[in-house]
Every structure is written in C-alpha cells, then in structure tokens.
Trainee: 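Please read through the structure below; I'll follow up with questions.
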Amino acid sequence: MFRRGMRNMFLITGTVMGAGYASGREIWQFFGPGSGLAIMIFTVLFIFCTTTLLNISYKNKTTNYLPVLEKLTSKRIAHIYDYMILVYLFCVTVVMIAGSGATFETFGLPFWSGILFIFIGLIIIFSRGINEMLNINQVLMPLLIIALIFVLIAFIHDENISLLDKWQYQSNWTAAFPFTSLNVLPLVAVLGAIGNRIESKGEIYISTIMSGGILGMITLLYNRSLVHVAGEINLPSIPLFTIINNYHTGIMIMMMIMLWIAIYTTAAATLLGMVTRINNRYNLPLVKIAFFALLLMIPFSGIGFSQLVAIIYPLYGFLNLYLFMKLIVYPIWNKNR
C-alpha cells in the first residue's frame, strides 16, 4: 500500500512541478512577500482537492477523466469541460515541448534537438504502458525534489534567511485560491486516468498528504528565497537562475537538467490525461494516439505559441475556479445526499 501510495504521490508532484513551478516563475507570480499563510492554505486545499479527486476515481474505477467530471458536475457541463480539458492538455504539452527545445538551447544545442529528444522520450514511455510511466516518475521525481530542496536550503543557509514570515502582514493570503485552482484541471485529467489502479483508500491518503506536504514545503522555501532576491528578479528571466547565479557551474548544469526533468514529467502526465480520454472514445493503442498527437503538437511548439498561451491560460485559470469550488463542496454535498 505504501509503495503504491508513493507511486501516485510522484505522479501528482510530477504533474504540478512543470517548468513554471520548478523555475520559480509560477511561485513568484502568485506569492511573494507576506505569503506564509497563503502557502499554508494552499497546502491544505491541495490535499483536500486531490483526496476528493482520487476518492471519486477509486470509487468509480475510472480510466479517464470524463466520469470524474460527471460526478463533480452535470453531464452537460461535463461534456463542455471535456473539450476544454482536451484543448488545455494539448496546449500544456506543446508548451512543455517548446520548453525542452529552449532548455537544450541553453546548452548551445539546436532548438529542434530538444524537441526531438522529448518526442522520443515520450514515445518510449507510452510504448511501455501506464505502469512504466508511473515507475519512471518514481525515479525522476525524487531527483528533482531532492535537488530543489538541496539548492533552496543551501541558499537559505548561506544568505541567513529566516523562514518565519511576518504574520501581521499576511495580506496575500487570497493567492492560495487561484494558485490551487490553476492546478485543478491537469490533476482532474491525470488522476482520472488511474482510478482503476488504486487498490485501497490508504494509498490515497499517503499520496495526497505527502504530495501536498512536499509541495507546500518547497513552495515555502522557494518563496522565502525569491523574496530575498526580489530586487534582482526580472520578469522574463527564470527566477531560479537568480538564486543559483553565484554557485558553481556544476550546480547550474544540474539544475538545468532538473528543469528538463520537470518539463518531461509534466509533458508525460498531461499527455497521459489526453490519450486515455481519446482511447476511451476510439479504442486505439495509447502509443499510437501519443505519436499522432505529438506530431500535431510539434509545429505549434515553435510558431508564436506564447501569444496563444497568453490568451488560453488566464481563461482556463478563471474557468478552473468552478471545478475548484465543486471539489471543495463535493464531499459535504455527497455526504448529505
């Protein structure tokens, strides 16, 4: 039970810890000074929402996200969200593919080589099935988590940064709600795909409490570090580089590799959510769906996709609030039925 719970925990953290989170941009965008309470609220909300999602998936033995949506909303609204989620997953995966190309460019390699590398990596993992993807997460995610915690703790120690926020200035506590809702949509899609693989409620609580605790801790460490270097952070840059700028070149290279791992695990998770849904409709092998979906995505990865993201992400962030509220009230509403 513990091992299966840990496997699901790494899937959850792998879905959330994409390039935006691992680079610090997403954390800095939502939090900042006076956000200690916000991060605590986010941790509690995240555990609550993921527990609700996995309980629904487990009870209904789901293999894709549509039954989860139908439980949370009406069938009519669920079908609207069905198409919205497919578009969202497509967009996120494209962004991750482009991120892989950009990461390779930082090493002086061609943009297309990063795209080709992640393409091959995703095809290999889907050719081996969902279990293999979950197993890969068990290997890659601990590396990313340990590396991030190591770098952040080392920076906090070197700079003598206090982890205690000034609790009388917690004006940013409301940031917990949009930050949590931002991650609801991909989690609905990914966790809905593994309902039939959950064997007990015990592994649900292991995976949700541990993933929430890890994300809460890293978010707190990251935010305190970013607040310390706030004057040096430029919006277009990757905030993580500001933190590790004065460290050895080996640390820089290690963290760039860790960023690519974050990109890869998120791309694999979002692609999983998409292909399992398409598979339910057309009953094709997952690897074939993944192959053709990736072929369709590649042209978008290098042709002004940032403009599309600038429109779609805020829109989905707003629409996520509805699902977020449904996840909050579902256990209470369902209990009283």
Side-chain angles (χ1 to χ4, degrees), residues 10-26 86-145 147-148 186 189-190 193 238 240-241 252-279 285-306 308-309 312-313:
F10 289 128
L11 178 63
I12 294 170
T13 53
T15 304
V16 174
M17 292 179 68
Y21 183 97
S23 68
R25 292 185 67 179
E26 192 176 301
L86 281 173
V87 173
Y88 178 83
L89 295 174
F90 182 93
C91 293
V92 172
T93 310
V94 169
V95 171
M96 294 303 116
I97 293 171
S100 178
T103 303
F104 271 58
E105 278 188 320
T106 62
F107 287 104
L109 299 171
F111 182 84
W112 62 264
S113 64
I115 292 177
L116 180 62
F117 194 76
I118 197 169
F119 179 92
I120 294 172
L122 290 171
I123 291 300
I124 289 174
I125 199 172
F126 275 90
S127 68
R128 297 183 177 182
I130 294 177
N131 279 332
E132 185 63 23
M133 198 194 88
L134 295 173
N135 292 334
I136 288 290
N137 263 325
Q138 285 184 284
V139 176
L140 296 182
M141 284 313 300
L143 295 176
L144 175 59
I145 291 167
L148 266 179
V190 173
I238 297 176
L240 177 62
F241 289 167
M252 294 280 289
I253 294 173
M254 178 188 76
M255 292 315 298
M256 286 303 300
I257 294 172
M258 292 303 108
L259 277 178
W260 189 88
I261 289 175
I263 289 168
Y264 178 70
T265 55
T266 298
T270 52
L271 192 60
L272 172 67
M274 187 168 66
V275 300
T276 51
R277 177 68 190 101
I278 296 172
N279 172 262
L286 294 184
V287 66
K288 283 189 177 181
I289 300 172
F291 179 80
F292 288 111
L294 289 169
L295 284 181
L296 187 61
M297 291 171 185
I298 286 175
F300 290 97
S301 63
I303 308 177
F305 196 77
S306 59
L308 184 59
V309 171
I312 289 177
Y313 274 29

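We number each residue from 1, following the sequence as shown.
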Trainee: Please give me the minimum heavy-atom distance between Ala267 and Ile118, naming the atom from each residue.
Mentor: CB-CD1, 4.1 Å

Trainee: Report yes if some heavy atom in the side chain of Leu294 is under 4.5 Å from a heavy atom in the side chain of Ile97; otherwise report no.
Mentor: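 They are in contact (side-chain heavy atoms under 4.5 Å apart), so the answer is yes.
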
Trainee: Using the rule side chain to side chain contact (heavy atoms under 4.5 Å, CB included), only one of Leu89, Val87, Val95 pairs with Cys91; which is it?
Mentor: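 Answer to the side chain to side chain contact (heavy atoms under 4.5 Å, CB included) test with Cys91 among Leu89, Val87, Val95: Val87.
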
Trainee: Measuring only between side-chain heavy atoms, which start at C-beta, is Val94 closer than 4.5 Å to Phe90?
Mentor: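 With C-beta onward as the side chain, the pair touches.
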
Trainee: Are Met96 and Leu271 close enough that some pair of their side-chain heavy atoms sits under 4.5 Å apart?
Mentor: no

Trainee: So, taking the atom named CD1 in Ile136 and the one named CE in Met141, what distance separates them when rounded to the nearest 0.5 Å?
Mentor: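 Here the interatomic distance stands at 13.0 Å.
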
Trainee: Can you tell if the side chain of Met17 reaches within under 4.5 Å of the side chain of Thr266, non-hydrogen atoms only?
Mentor: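 No, their side chains stay 4.5 Å or more apart.
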
Trainee: Can you name the side chain to side chain donor-acceptor pair (under 3.5 Å) partners of Thr270, sequence neighbours left out?
Mentor: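 So Thr270 forms a side chain to side chain donor-acceptor pair (under 3.5 Å) with Thr93.
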
Trainee: Only pairs under 3.5 Å count here: list side-chain donor-acceptor contacts from residues 252-264, not counting sequence neighbours, and write none if there are none.
Mentor:
residue: Trp260; atom: NE1; partner: Ser100; partner atom: OG; Å: 2.7
residue: Tyr264; atom: OH; partner: Gly121; partner atom: O; Å: 2.9

Trainee: What's the spacing between Leu272 CG and Ile289 CD1 if we round to 0.5 Å?
Mentor: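 Taking CG in Leu272 and CD1 in Ile289, the distance rounds to 11.0 Å.
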
Trainee: To check you understand the geometry: which heavy-atom pair defines the closest contact between Glu105 and Pro110, and what is its length?
Mentor: CG-C, 4.4 Å

Trainee: Would you mind reporting whether Phe10 and Leu134 have side-chain heavy atoms less than 4.5 Å apart?
Mentor: no

Trainee: Does the side chain of Leu144 come within less than 4.5 Å of Thr13's, by heavy atoms?
Mentor: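 No, too far: nothing below the 4.5 Å cut-off.
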
Trainee: Does the plane of the ring in Phe104 sit parallel, tilted or perpendicular to the ring in Phe117? Use 30° and 60° as the thresholds.
Mentor: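 Tilted.
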
Trainee: So which heavy atom on Phe126 is nearest to which on Val275, and how close?
Mentor: CE2-CG2, 3.5 Å

Trainee: If only atom types and distance count, is the side chain of Asn135 paired as donor or acceptor with the main-chain N or O of Asn131 below 3.5 Å?
Mentor: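 Judged by distance alone, yes, a pair lies under 3.5 Å.
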
Trainee: Please give me the minimum heavy-atom distance between Phe111 and Ser301, naming the atom from each residue.
Mentor: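 So the minimum-distance heavy-atom pair works out to CZ-O, 3.9 Å.
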
